[in-house]
Number of protein chains: 2
Amino acid sequence: MRTISPPVGLPALNEIDLVGQVARRLTEAIVQGRLPPGSKVVEAGIARELGVSRAPVREAARLLEQQGLLVANPRRGFFVRQFAADDIDEIYDLRLCVERHAAVLAARNLTPETRDKLRRQIEVLHETADLDDPARQVEEDYRFHRLICEIAGNRRMLRLFDDLASELRMVIGLIGRLYDDPHEIARTHEPVLAAIEAGHPERIVAHVDYHIGHAWREVGRLVREIPPWPAAAK
Amino acid sequence: MRTISPPVGLPALNEIDLVGQVARRLTEAIVQGRLPPGSKVVEAGIARELGVSRAPVREAARLLEQQGLLVANPRRGFFVRQFAADDIDEIYDLRLCVERHAAVLAARNLTPETRDKLRRQIEVLHETADLDDPARQVEEDYRFHRLICEIAGNRRMLRLFDDLASELRMVIGLIGRLYDDPHEIARTHEPVLAAIEAGHPERIVAHVDYHIGHAWREVGRLVREIPPWPAAAK
DNA sequence: CAAGATCAAACTGTCGACAATCGACGATTA
DNA sequence: TAATCGTCGATTGTCGACAGTTTGATCTTG
């Protein structure tokens, strides 16, 4: 295995875990909207662009396929997943299901350290709100929710959350702007944490439902507002 | 693309969706315990055995990796996933989380047709109970639970269920015998369906909790009873 | 005899090549 | 003119090969 010829502009891919790196690059390109939904992912093109051969690209594509970012059409290639309104509903429905459970478990496992982590993350959310960087804001938002799943202590659930988040990142990225006032978003996390600290399952579920349900409705509204997705190139 | 040289004993792989077929064969070998947990999956070996090259085998392995049946160690290869007691807990915890939700949704979407499907499946469970075919019994059991997820109408949730089921099949396959009397198993599905037909969310959740919780405890007990998993061959 | 160094075989990661297939475009025909 | 067919370039699916790494065995040395 040798070092890879430097692709233009981007830092060169080094030699370990090429597949993982290609997967990350592809994911980036998709959630940033550089590869719009419905567009064809030409193996040779990606390979040339990244300065690798097609084999690692194909393997990475399989990963993203399993993650739901790509769709494979045998003999026709990989295509960037297109989302419809009911996809949004599915994702949020599943997310609600997972996060309710995670929050209840997290409350059960809560220690002073993990509690502080959550509090600190809400602070970060407030700080980020001033930065006018929607992508960053979304990222820090997920980090809070991810923390809850982490604290819940079920690794499979955490992976599921990550998968859902990567699909959502794609959707949010396409919407292009934040669906709400950043400070407002930061604030709405507080009752969730409060409920977790209080530790009453019903209250936790209620607050998680409210919080996620809010995002669900907002995203759903925006998606329906801009129905023809941004130019499914090719 | 040409036809594949016939592997010994098994029907030859034809030319379409080679990756999918290899994946199925591998899954089979794993859940049947022919590839024991911890064992190394040698790409060239599998490839030779199936009469294909290593490329499709690698791609299939990536699929199974994402599904959790294989673990990839960079530069060392793919290994059959090993389950510990806490894996069982994670899987059942997640399954509980999903099936509660699915059952409530299924109740909401229930039509006379889907209701009959569920009833019929319980009959099948009873019929299968007489056959003394544990694998079949487990399969029909899953089919009932899968039906609920199907009726719930969230495709992502259905896929998640399938992934969990394939992990569980592997575990159950390793245990080798059924964890309970087949007729008893068939019977315990009835209250779940009854609750879904009645349509009270709390009752549905309670019955699903009881049903799945029972399997959880039984499987957990058996796993702890036979702690050293069957010879992690090499 | 144990611990470390040395070496060979086995295996993985990646590549380039080639045939089969797809899709677009233009020619042919009714 | 519209529909069908054939051709050609572009792209996928698969393969065999090669380089570098890991592994396990053997040999060396304290």
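In what follows, every chain begins at residue 1, and chains take the letters A, B, ... in the order their sequences are listed. Atoms considered below: every heavy atom in the structure, side chains included; atoms not considered: hydrogens, waters and symmetry mates.
Every residue meeting the side chain to side chain donor-acceptor pair (under 3.5 Å) condition with B/Glu90, not counting sequence neighbours, appears here in chain and number order: A/Arg155, A/Arg156. Scored by the side chain to side chain donor-acceptor pair (under 3.5 Å) test, B/Gln67 finds no partners at all (sequence neighbours excluded). Residues passing the ring-ring contact (aromatic ring centres under 6.0 Å, His included) test with B/His101: none are found, sequence neighbours excluded. Here B/Arg120 pairs with B/Glu123, B/Glu127 under the side chain to side chain donor-acceptor pair (under 3.5 Å) rule; sequence neighbours left out. Residues meeting the ring-ring contact (aromatic ring centres under 6.0 Å, His included) test with B/Tyr142, sequence neighbours left out: none. Residues satisfying the side chain to side chain contact (heavy atoms under 4.5 Å, CB included) criterion with A/Ala103, sequence neighbours excluded, are A/Ile148, A/Ile196, A/Ile204, A/Val208. Residues forming a side chain to side chain donor-acceptor pair (under 3.5 Å) with B/Arg146 (at least two apart in sequence, or on another chain): B/Glu150, B/Asp162.
A straight line from CG of A/Asn73 to C1' of D/dT11 spans 13 Å, rounded to a whole angstrom. Remark: C1' of D/dA19 and CG of A/Leu18 are 15 Å apart, rounded to the nearest angstrom. We find that CD of B/Glu43 is positioned 14 Å from C1' of D/dG16, with the value rounded to whole Å. Atom CD1 of B/Ile46 is separated from atom P of C/dC11 by 12 Å (rounded to the nearest Å). Regarding B/Asp17, its CG atom lies at a distance of 16 Å from the P atom of D/dT12, rounded to whole Å. One can place CZ of B/Phe78 at 16 Å from P of D/dT22, the figure rounded to the nearest angstrom. The nearest whole Å value for the distance from the CZ atom in A/Arg48 to the C1' atom in C/dC15 is 15 Å.
An OP1 or OP2 oxygen of D/dT12 is reached within less than 4.0 angstrom by a side-chain nitrogen or oxygen of A/Lys40.
For A/Asn73, the CG atom is densely surrounded, since the number of other residues' heavy atoms within 6.0 Å is greater than 12.
Only A/Ser53, A/Arg54, A/Ala55, A/Pro56, listed by number, bring a heavy atom of residues 53-67 of chain A to less than 4.0 angstrom from any atom of DNA chain C.
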So which protein N/O to nucleotides 23-25 of chain C N/O distances come out below 3.5 Å?
from	atom 1	to	atom 2	distance (Å)
C/dG23	OP1	A/Arg76	NE	2.2
C/dG23	OP1	A/Arg76	NH2	3.4

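Distances from the side chain of A/Val19 to the nucleotides C/dT14, C/dT12, D/dT14 place C/dT14 closest.
Note on A/Glu113 versus A/Lys117: no salt bridge recorded, every NZ/NE/NH1/NH2 to OD/OE distance being 4.0 Å or above.
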